[in-house]
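A short write-up of the structure that comes next.
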Amino acid sequence: MQPRVIILVDFDYFFAQIEERKNPYIKDKPVVVCVYSGRSQDSGAVSTANYIARKYGVKSGMPIALAKSKLESVDAAFLPVDYEFYEEVSEKTMTILRGYADRFEQVGIDEAFLDVSQRVGGSFEQAAELAQRTKNDIQTRCELTCSIGIGPNKLVAKIAADAQKPDGLTVVKPDQVESFLVPLPVDRLIGVGVKAKEKMEAMGIRTIGDLAKYDARRLIEIFGRKLGTYFHNASVGIDDEPVQERGEAESISRIATLKEDTRDLNAILDRTDRLCEEVHEDVRQKGVSFKSIGIIAVLTDMSVRSRSKTYENPANELETLRRTAGELFEKLLNESELKLRRVGIKVSNFAKEQKTQKRITSFLGDSES
DNA sequence: GTATGCTTTCGGC
DNA sequence: TTACGGCCGAAAGCATAC
């Protein structure tokens with residue numbers, strides 16, 4: 001049987017690259033795209049930075065003030081995020097990429113898997129040529145660079161793309177998978193974050209090769225059946241996940257930072273009322289109803305709490321959202337002593353149609369035995 | 001014991 | 001010196017039904 005040939009396209013420092021394209025004047029200096037929280041002058045976090053800024057130690061998620069201190073003596077561009085614009089750019093690039101694939105799967109705003117097995121007839125050489133043409137096309141039509149990984153499955157394609165950045169193209173053929181993976185640190189595998197990495201380190205597992213040598217049954221004992229099996233398979237480059245189009249989002253949420261930390265329910269609801277309106281507007285535009293309503297709270301110590309409530313019947317009214325959020329925040333405040341720093345609203349468990357107008361009960365007798 | 005559904009946390013981007 | 005976003009989906013953890 002022919003091997004699958006999977007391509008992962010990952011745009012380089014996406015938000016910052018789009019800002020460079022918008023204003024080429026900043027291209028040769030550090031560019032830091034920031035989410036300003038509005039609490040004070042420089043409060044907020046770094047979303048993305050270009051490679052020049054990264055050389056100075058600026059990283060995603062870092063406080064803006066810290067990034068500024070690292071770039072103290074340098075002429076740098078600090079810019080606010082413009083999600084809507086980035087989404088527009090993303091849609092254009094994804095439409096182009098889709099044209100190069102037998103099957104297509106967008107992941108996040110700046111990544112996509114392309115299953116090209118059929119059109120390259122299982123040939124990794126042809127896939128590499130196709131990938132180069134794709135890069136050229138994206139460069140010409142969108143003025144953007146990306147890094148591409150090619151492998152026999154999504155797992156390997158993803159790790160391959162990370163191997164050379166920015167503007168890279170890395171091919172890992174089936175017979176190269178083992179030697180490619182063996183020396184890499186375990187946290188290059190999707191699903192191995194800080195927690196799993198620490199646990200593995202204590203078990204003497206540092207590289208993917210170490211993981212591959214580890215007894216599979218013991219992995220399952222330690223991490224549970226699903227995760228343990230996944231880790232074992234991943235360590236030897238096995239992954240059967242299909243490339244498939246993703247549907248609509250499964251949840252819609254908004255979160256915001258409060259002007260100051262508080263436990264005052266009225267102050268909290270004053271802010272979340274606006275978030276409810278935004279979520280409600282999104283829901284209205286998508287034409288869906290939701291069964292679950294949740295709240296998110298980030299406390300003073302940056303720890304996160306969430307609460308949610310699921311209704312039997314789908315709702316879509318702003319009032320339901322507001323009322324439920326109020327109840328949930330009241331409950332949360334009773335269960336914790338810390339002040340709240342950030343607050344959020346989330347709806348999920350969507351129902352397509354909300355035509356349950358009357359007398360559902362008349363159906364119950366017929367369908368139940 | 002297994003399947004299913006809900007709530008909460010984790011972690012990638 | 002300190003400094004700290006806004007999303008999303010996946011998985012874990014738990015309860016309940018069969």
Side-chain angles (χ1 to χ4, degrees), chain A residues 8 10-16 32-49 58-72 80-84 86-87 90 105-112 158 161-162 165 187-199 222-231 241 246-258 261 275 278-279 282 291-312 328 331-332 335-336 341-350:
Chain A
L8 177 78
D10 183 1
F11 284 91
D12 300 318
Y13 60 102
F14 193 54
F15 297 174
V32 186
V33 178
C34 304
V35 183
Y36 290 97
S37 71
R39 166 173 282 217
S40 64
Q41 178 74 4
D42 283 336
S43 69
V46 171
S47 178
T48 323
V58 174
K59 291 183 178 148
S60 295
M62 175 180 277
I64 295 166
L66 179 56
K68 287 216 163 157
S69 79
K70 286 185 182 289
L71 292 168
E72 218 167 18
V81 283
D82 183 357
Y83 285 116
E84 284 188 21
Y86 308 149
E87 261 165 27
S90 172
E105 177 178 349
Q106 182 176 343
V107 184
I109 195 168
D110 70 340
E111 268 185 51
K158 169 74 180 160
D162 287 337
K165 281 183 169 184
D187 59 0
R188 297 291 278 276
L189 296 173
I190 306 163
V192 182
V194 177
K195 295 260 168 168
K197 186 190 173 186
E198 279 174 6
K199 223 162 163 180
I222 294 159
F223 291 101
R225 201 185 75 190
K226 193 154 182 177
L227 202 57
T229 307
Y230 166 75
F231 284 154
E241 288 303 307
R246 298 201 179 179
E248 294 294 297
E250 291 171 13
S251 66
I252 295 172
S253 61
R254 286 291 183 282
I255 184 164
T257 304
L258 296 164
D261 296 7
L275 298 177
E278 291 176 33
V279 168
D282 253 32
K291 285 205 283 188
S292 299
I293 298 172
I295 60 159
I296 305 139
V298 178
L299 310 184
T300 293
D301 65 357
M302 298 302 275
S303 64
V304 182
R305 302 282 186 279
S306 65
R307 294 289 181 270
S308 67
K309 180 171 179 176
T310 300
Y311 291 99
E312 202 160 318
L328 292 172
K331 206 190 293 179
L332 184 87
E335 291 167 20
S336 168
R341 178 185 177 88
R342 300 165 61 202
V343 291
I345 299 291
K346 162 170 148 169
V347 296
S348 57
N349 216 337
F350 296 137

*For atom CD of A:Glu111 and atom P of C:dC8, their distance in whole Å*: 17 Å

*Sugar-phosphate only, base, or nothing, as touched by A:Ser47 at under 4.0 Å among non-hydrogen atoms*: base

*Has A:Arg341 got a side-chain N or O lying under 4.0 Å from the OP1 or OP2 atom of C:dG5?*
yes

*Just wondering, do A:Ile296 and A:Val304 contact through their side chains at under 4.5 Å, heavy atoms?*
yes

_When you measure from the side-chain N and O atoms of A:Ser69 to the phosphate of C:dT1, is any distance below 4.0 Å, counting only OP1 and OP2?_
no

_Base, sugar-phosphate or nothing for A:Lys158? Non-hydrogen atoms, less than 4.0 Å._
sugar-phosphate

*Check every atom of C:dG5, B:dT8, C:dC4 against the side chain of A:Pro63 and return the nucleotide holding the closest atom.*
C:dC4

*Under 3.5 Å, is there a donor-acceptor pair between the A:Ser37 and A:Ser43 side chains?*
yes

*Take the angle between the ring planes of A:Phe15 and A:Tyr86 and call it parallel below 30°, perpendicular above 60°, tilted in between.*
parallel

*Please figure out whether A:Arg246 or A:Ile255 has its closest DNA chain C nucleotide nearer the 5' end.*
A:Ile255

*Grab the CD1-P distance between A:Ile345 and C:dC7 for me, whole Å please.*
12 Å

_Side chain of A:Glu250 - closest among C:dG5, B:dC13, C:dA10_ = C:dA10

*Rounded to whole angstrom, note down the C1' distance from C:dG5 over to B:dG12.*
14 Å

*Check the distance between C:dC7's C1' and A:Leu275's CG and give it to me in whole angstrom.*
13 Å

_Residue A:Ser251, side-chain atoms from C-beta onward, closest of C:dG9, B:dC13, B:dC6_ = C:dG9

*asked:* What I'd like to find out is whether the side chain of A:Val46 reaches to under 4.5 Å of the side chain of A:Lys59, using heavy atoms alone.
replied: no

_Separation of atom NZ in A:Lys68 from atom C1' in C:dT1, rounded to whole Å_ = 18 Å

*Taking only the side-chain heavy atoms of A:Ala65 (C-beta and beyond), determine which of B:dC6, C:dA3, C:dC8 contains the nearest atom.*
C:dA3

*Reading nucleotides 12-18 of chain C from the 5' end, what letters show protein touch, with B for base, S for backbone sugar-phosphate only, - for no heavy atom under 4.0 Å?*
S------

*Give the nucleotide from the list B:dT8, C:dG5, C:dC8 with an atom nearest to the side chain of A:Ser308.*
B:dT8

*asked:* Does A:Phe14 reach a base, just sugar-phosphate, or nothing at all? Heavy atoms under 4.0 Å.
replied: nothing

*Just call it for A:Ser306: base, sugar-phosphate, or nothing, with non-hydrogen atoms closer than 4.0 Å on any strand.*
base

*Assign A:Arg342 to base, sugar-phosphate, or nothing according to its heavy-atom contacts below 4.0 angstrom with the strands shown.*
base

*With a 4.0 Å cut-off on heavy atoms, is A:Thr48 in touch with a base, just the backbone sugar-phosphate, or nothing at all?*
nothing

*Could you tell me whether A:Gly108 contacts a base, only the sugar-phosphate backbone, or nothing, with contacts defined as non-hydrogen atoms closer than 4.0 Å?*
nothing

*Heavy-atom pair of closest approach, residues A:Ala49 and A:Val58*: CB-CG1, 3.8 Å

*asked:* Rounded to whole Å, please give me the gap between OH in A:Tyr36 and P in C:dA3.
replied: 18 Å

*Looking only at heavy atoms, which two atoms of A:Ser90 and A:Gln106 are closest? And how far apart?*
OG-NE2, 3.7 Å

*asked:* In whole Å, I'd like the distance from the CZ atom of A:Phe350 to the P atom of C:dC8.
replied: 8 Å

*At under 4.0 Å, does any side-chain N or O of A:Ser37 touch on OP1 or OP2 of C:dG5?*
yes

*Taking atom P of C:dT1 as reference, at what distance in whole Å does atom CD of A:Glu72 sit?*
9 Å

*Candidates C:dC4, C:dG6, B:dC13 - which lies nearest the side chain of A:Ser43*: C:dC4

*asked:* Check the phosphate of B:dT8 against A:Arg307, side-chain N and O only, distance under 4.0 Å to OP1 or OP2. Yes or no?
replied: yes

*Are any of the side-chain nitrogens in A:Glu335 or A:Arg307 under 4.0 Å away from the carboxylate oxygens of its partner?*
yes

*Which is true for A:Asp110 with a 4.0 Å heavy-atom rule: it touches a base, it touches only sugar-phosphate, or it touches nothing?*
sugar-phosphate

_Close side-chain approach of A:Phe14 to A:Val33, heavy-atom, < 4.5 Å_ = no

_Regarding A:Gly344, tell me which of base, sugar-phosphate or nothing describes its non-hydrogen contacts under 4.0 Å with the strands shown._
nothing

_Which residues share a ring-ring contact (aromatic ring centres under 6.0 Å, His included) with A:Tyr36, sequence neighbours left out_ = none

*Would you classify A:Ile252 as touching base, sugar-phosphate or nothing, given that sugar-phosphate means primed atoms plus P, OP1 and OP2, and contacts are heavy atoms under 4.0 Å?*
sugar-phosphate

*asked:* Between P on B:dG11 and CG on A:Asp187, what's the gap in Å once rounded to a whole number?
replied: 12 Å

